[in-house]
Amino acid sequence: MSALETDVLVVGGGLGGVAATLAALEAGQRVVLVEQYAWLGGQLTSQAVPLDEHSWIEQFGATSRYRRLRDGIRDYYRDWYPLTAAARADATLNPGNGLVSRMCAEPRAGVAVIDAMLAPHRSARRLTLIQPAVAVSADVHHDRIRAVTVRGLDDDRETEIVARFVVDATELGDLLPLTGAEYVTGFEARADTGEPSAPEEAQPHNQQAFSWCFVVDHVEGDHTIDRPVDYDTWRAVQPDFWGAPMISLTGPDPRTLETLTRTFTPGASRADAVADQGKDPGDRELWTFRRILSRDNLLPGAIPSDLVLVNWPMIDYLGGTIVDVPADEVARHEAAARQQSLSMLYWLQTEAPRPDGGTGFPGLRLRGDVTQGPDGLAMAPYIRESRRIKARTTVTENDLSIALRGHGDPFTTPDSVGIGMYRIDLHPSSGGDNYLDIASAPFEIPLGILVPRRIENLLAGSKNVGTTHITNGAFRLHPVEWNIGEAAGALAAFCIDRAALPGAVHSTPALLREFQTSLTRDGVELHWPDVRGY
């Protein structure tokens, strides 16, 4: 076993992990970053999901580093793609003209920009990247993590990493059980959180669906994939609340729960539509919903078809959880989720209703070259819900729900380390629950949700913060995950410089004010202007 020593160890190279790494590096600390997959970027890249953002993202509501990421993705297209003159001149270029956000782009664009943001630190040897690798054990003594051991997935080589501070930015909160940190999963009991939407009893294995996304285009010819082995099984799946077989264009509307049949029209153009989740979820026409590259932005003939990400309700996997279950069960659920996604694609190619009255779109082509994952799908499953630390602060439905608060003014907190906004958006669950979609107030991110109650030098840096199953639905999206990670990395660096512990920064007003001042100086917005939620 080899050994490394560093100031800050970040385990998990998703958006939170990348942001934590950048913040710590730019504050002068040495960082070791460990990532399971071949691409950094998590939900943006290996999971293939374009940025999911609030309505005001082009004006405010994000950190400066997050804006560097967004600006870098736009510049990637300006530098390397044959854009039309109008697209090149558009200061708010949306490469895919998708309607889920104002920045829909291919996963490799995110990979390229993230790699470029980290490149100077790797050259200076301030950053050590261990990839692909996962954490396998931790050495914890007197409520302090001394070291974490990681194992390379290509060579099984183990490395013990000694660090002063550790950020868990994994997609599922993998360090929490390894370090003995107290955590929760799934639904908490209503008596524990006071949330009216929580069940009477805790349901730890009742968690949001994960999805195995994929990318398609539409060109001449027959590109129908082999009939999936489990196609007949998935073709028959129909949850009680769905209103139709899942493998179809019909299902519940997340906000009203009424049965809705969406349209799917390859080549459909809505280049002039502006994404605004506050006014329109954008999911009625599935070709344009999460389109990640639009022909309308490119010179004629540059590409034969738009590129469209399939991350739709029909591929939400409800068959079980991959958290705190045996490895063989994880593998079984992941394989089943891939079969569900492939079955959806096969149905689109062979059975989906066409506008001309026919069935099937054999011209749909699975673009595994865009995603680089197993079976031609994304590299990793799209994770919506993680283990969550038992933190010094917990944000509940009562803090965010406009209906419960009686107004949509921002949720404020004296220990703010950033801001975020999204509806409380819970997908159907492994326990058989339908969507839960609740209008939410803009919120400040409390420092206390990053800090465990007991482990002194561990920080949450992704979706594993002190939210509940319910409020996780508002905190799990890209800009909030980034802000959480950035705050965690900045806090680790601040604590090293001040010889302090995160708990002391949280509980000491002078230290807290000093830390918040440093965040503001680095471009982290701590408070919302006069806006209302939706």
Q: Got more than 12 heavy atoms from elsewhere within 6.0 Å of CZ, R67?
A: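 More than 12 within 6.0 Å, yes.
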
Q: Do the side chain of N483 and the main chain of G420 share a donor and acceptor less than 3.5 angstrom apart?
A: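 No: the side chain of N483 does not pair with the backbone of G420.
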
Q: Under 4.0 Å between a Lys/Arg side-chain N and an Asp/Glu carboxylate O for R476 and E385?
A: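 Answer for the salt bridge query: no.
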
Q: Looking only at heavy atoms, what is the nearest atom pair of V113 and Y76, with distance?
A: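 So the minimum-distance heavy-atom pair works out to CG2-CB, 4.5 Å.
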
Q: May I ask you to say whether R74 pairs ionically with D90, meaning some side-chain N is under 4.0 Å from a carboxylate O?
A: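 The answer is no: the pair does not qualify as a salt bridge.
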
Q: Side chains of P281 and D253, heavy atoms from C-beta outward: is any pair under 4.5 Å?
A: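 No, side chains not in contact.
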
Q: Does a side-chain N-to-carboxylate-O contact under 4.0 Å join D52 and R290?
A: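 Yes, this pair counts.
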
Q: Around atom CD of E351, are there more than 12 heavy atoms from other residues, nucleotides or ligands closer than 6.0 Å?
A: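 Yes, enclosed.
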
Q: Between W482 and Y66, what is the ring plane arrangement, given parallel below 30°, perpendicular above 60°, and tilted in between?
A: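 Judged by the thresholds at 30° and 60°, the geometry between W482 and Y66 is perpendicular.
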
Q: With a 6.0 Å cut-off on the ring centroids, do W312 and F264 count as close?
A: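 Here the rings of F264 and W312 have centres that are less than 6.0 Å from each other.
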
Q: Do F241 and Y435 pass the side-chain contact (heavy atoms from CB on, under 4.5 Å) test, and can you show the C-alpha distance, the side-chain angles, and the key distance before you say yes or no?
A: CA-CA 10 Å; F241 56 82; Y435 283 96; 5.8 Å; no

Q: For A198, is there any backbone N or O sitting under 3.5 Å from a side-chain donor or acceptor partner on R190?
A: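 A pair under 3.5 Å: yes.
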
Q: According to the interplanar angle, ranging from 0 to 90°, do the rings of H469 and F187 count as parallel (below 30°), tilted (30 to 60°) or perpendicular (above 60°)?
A: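 Tilted, since the angle between the ring planes falls between 30° and 60°.
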
Q: Taking the side chain as C-beta and beyond, is there a heavy-atom pair between D375 and F214 under 4.5 Å?
A: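 No; the side chains remain at least 4.5 Å from each other.
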
Q: Which atom names give the shortest non-hydrogen contact between T468 and R388, and what distance separates them?
A: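 Between these two residues, the closest heavy atoms are C-NE, 3.5 Å.
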
Q: Decide yes or no for E106 and P95: does some side-chain heavy atom of the first lie under 4.5 Å from some side-chain heavy atom of the second?
A: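 Counting from C-beta outward, E106 and P95 never come under 4.5 Å.
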
Q: Could you check whether R367 pairs with D369 (Lys NZ or Arg NE/NH1/NH2 to Asp/Glu carboxylate O, under 4.0 Å)?
A: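 The answer is yes: the pair qualifies as a salt bridge.
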
Q: Can you confirm whether D226 is buried at CG, in the sense that more than 12 heavy atoms of other residues, nucleotides or ligands lie under 6.0 Å from that atom?
A: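 No, the 6.0 Å shell around CG holds no more than 12 heavy atoms from other groups.
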
Q: With no hydrogens and no angle check, just 3.5 Å: does a side-chain donor-acceptor pair link E171 and Q36?
A: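 Side chains of E171 and Q36: no pair found under 3.5 Å.
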
Q: Hey, are R70 and E58 close enough for a salt bridge, meaning a charged N less than 4.0 Å from a carboxylate O?
A: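 Answer for the salt bridge query: yes.
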
Q: Show the numbers, then the answer: is there a side-chain contact (heavy atoms from CB on, under 4.5 Å) between L318 and M246?
A: CA-CA 11 Å; L318 308 179; M246 284 190 75; 4.1 Å; yes

Q: Testing N206, V323, D316 for side-chain contact (heavy atoms from CB on, under 4.5 Å) with S430, which one passes?
A: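 Answer to the side-chain contact (heavy atoms from CB on, under 4.5 Å) test with S430 among N206, V323, D316: N206.
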
Q: Looking only at side chains, do E486 and T63 share a donor and an acceptor under 3.5 Å apart?
A: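 Judged by distance alone, the side chains do pair up.
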
Q: Would you say T185's side chain and P204's backbone share a donor-acceptor pair under 3.5 angstrom?
A: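 Indeed, once roles are kept as given, a pair shorter than 3.5 Å links the two residues.
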
Q: Can you tell me if R291 uses its side chain to pair, donor with acceptor, with the backbone of G96 under 3.5 Å?
A: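 Flag set: sc R291 to bb G96 pair under 3.5 Å.
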
Q: Consider side-chain contact (heavy atoms from CB on, under 4.5 Å). Of V216, L293, V215, which one does V370 pass it with?
A: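 The option that passes is V215.
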
Q: Could you check whether R108 pairs with D115 (Lys NZ or Arg NE/NH1/NH2 to Asp/Glu carboxylate O, under 4.0 Å)?
A: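 Salt bridge between R108 and D115, a charged N being under 4.0 Å from a carboxylate O: no.
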
Q: Are Q277 and S55 close enough that a side-chain donor and a side-chain acceptor fall under 3.5 Å?
A: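 No, no side-chain donor-acceptor contact under 3.5 Å.
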
Q: Taking T371 for its side chain and L377 for its backbone only, find out whether a donor-acceptor pair lies under 3.5 Å.
A: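 Indeed, once roles are kept as given, a pair shorter than 3.5 Å links the two residues.
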
Q: With salt bridge (charged side-chain N to carboxylate O under 4.0 Å, His left out) as the test, would you mind laying out the steps for R227 and D232 before giving the verdict?
A: CA-CA 9 Å; R227 183 185 178 94; D232 290 339; 2.4 Å; yes

Q: Testing the basics here: between M314 and L286, what is the closest heavy-atom pair and its distance to 0.1 Å?
A: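 Looking at all heavy atoms of both residues, the closest pair is CE-CD1, 3.8 Å.
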
Q: When you measure from the side chain of R384 to the backbone of A209, do you find a donor-acceptor pair of N or O atoms at a distance under 3.5 Å?
A: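 Side chain of R384 to backbone of A209, a donor-acceptor pair under 3.5 Å: yes, one is there.
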
Q: Verify the distance criterion only: is there a donor paired with an acceptor across the side chains of Y183 and D324 at less than 3.5 Å?
A: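 A donor-acceptor contact under 3.5 Å links the two side chains.
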
Q: Mind checking whether H54 and W56 have parallel, tilted or perpendicular rings, split at 30° and 60°?
A: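 Tilted: the ring planes of H54 and W56 meet at 30° to 60°.
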
Q: Give the minimum heavy-atom separation between G282 and F289, together with the two atoms involved.
A: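 Heavy atoms only, the tightest pair is O-CD1, 3.2 Å.
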
Q: Whether the side chain of T321 engages the backbone of Q207 through a donor-acceptor N/O pair (distance < 3.5 Å, no angle test) should be reported.
A: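 A pair under 3.5 Å: no.
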
Q: Under a 4.5 Å cut-off applied to non-hydrogen side-chain atoms, are R262 and L260 in contact?
A: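 Yes. Closest side-chain heavy atoms under 4.5 Å.
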
Q: Taking all heavy atoms of V11 and all of A135, pick out the closest pair and write down the distance.
A: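 So the two residues come closest at CG1-CB, 4.1 Å.
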
Q: Between R423 and D425, does any side-chain N to carboxylate O distance fall below 4.0 Å?
A: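 D425 and R423: not salt-bridged.
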
Q: Take D230 and R338 through the salt bridge (charged side-chain N to carboxylate O under 4.0 Å, His left out) test and state the conclusion after the steps.
A: CA-CA 10 Å; D230 295 334; R338 291 198 297 273; over 6 Å; no

Q: Counting N and O atoms only, with roles assigned by atom type, does the side chain of Q349 sit under 3.5 Å from a partner on the main chain of L364, one being a donor and the other an acceptor?
A: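 Indeed, once roles are kept as given, a pair shorter than 3.5 Å links the two residues.
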
Q: Give a yes or no on this: more than 12 heavy atoms of other residues, nucleotides or ligands lie within 6.0 Å of atom CZ of R157.
A: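 Atom CZ in R157 is not packed in, count stays at 12 or less.
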
Q: Fit a plane to each ring of F210 and Y317, take the angle between them on a 0 to 90° scale, and name the class: parallel (under 30°), tilted (30 to 60°) or perpendicular (over 60°).
A: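 Rings of F210 and Y317: tilted, as their planes differ by 30° to 60°.
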
Q: One pair to check against side-chain contact (heavy atoms from CB on, under 4.5 Å): L175 and N464. What are the steps and the verdict?
A: CA-CA 10 Å; L175 284 187; N464 55 347; over 6 Å; no

Q: Less than 4.5 Å apart, any side-chain heavy atom of P479 and any of Y422?
A: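 SC-SC contact between P479 and Y422 ruled out.
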
Q: For the pair V134 and D174, evaluate side-chain contact (heavy atoms from CB on, under 4.5 Å) and give the outcome as yes or no after the intermediate values.
A: CA-CA 9 Å; V134 294; D174 294 336; 5.9 Å; no

Q: Please say which of L33, L40, L153, V34 ends up in a side-chain contact (heavy atoms from CB on, under 4.5 Å) with Q131.
A: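 Single side-chain contact (heavy atoms from CB on, under 4.5 Å) partner of Q131 among L33, L40, L153, V34: L40.
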
Q: Taking all heavy atoms of K463 and all of I383, pick out the closest pair and write down the distance.
A: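 The pair with the smallest heavy-atom distance is CE-O, 3.4 Å.
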
Q: Can you tell me if N94 uses its side chain to pair, donor with acceptor, with the backbone of S101 under 3.5 Å?
A: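 Such a contact is found between N94 side chain and S101 backbone.
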
Q: Taking the side chain from S341 and the backbone from W212, do they hold a donor-acceptor pair closer than 3.5 Å?
A: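 Yes; judged by distance alone, with no hydrogens or angles, the pair exists.
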
Q: With no hydrogens and no angle check, just 3.5 Å: does a side-chain donor-acceptor pair link E285 and T265?
A: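 T265 and E285 do have a side-chain donor-acceptor pair below 3.5 Å.
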
Q: Do D217 and S305 have side-chain atoms, one donor and one acceptor, less than 3.5 Å apart?
A: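 Not at all, the side chains of D217 and S305 share no donor-acceptor pair under 3.5 Å.
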
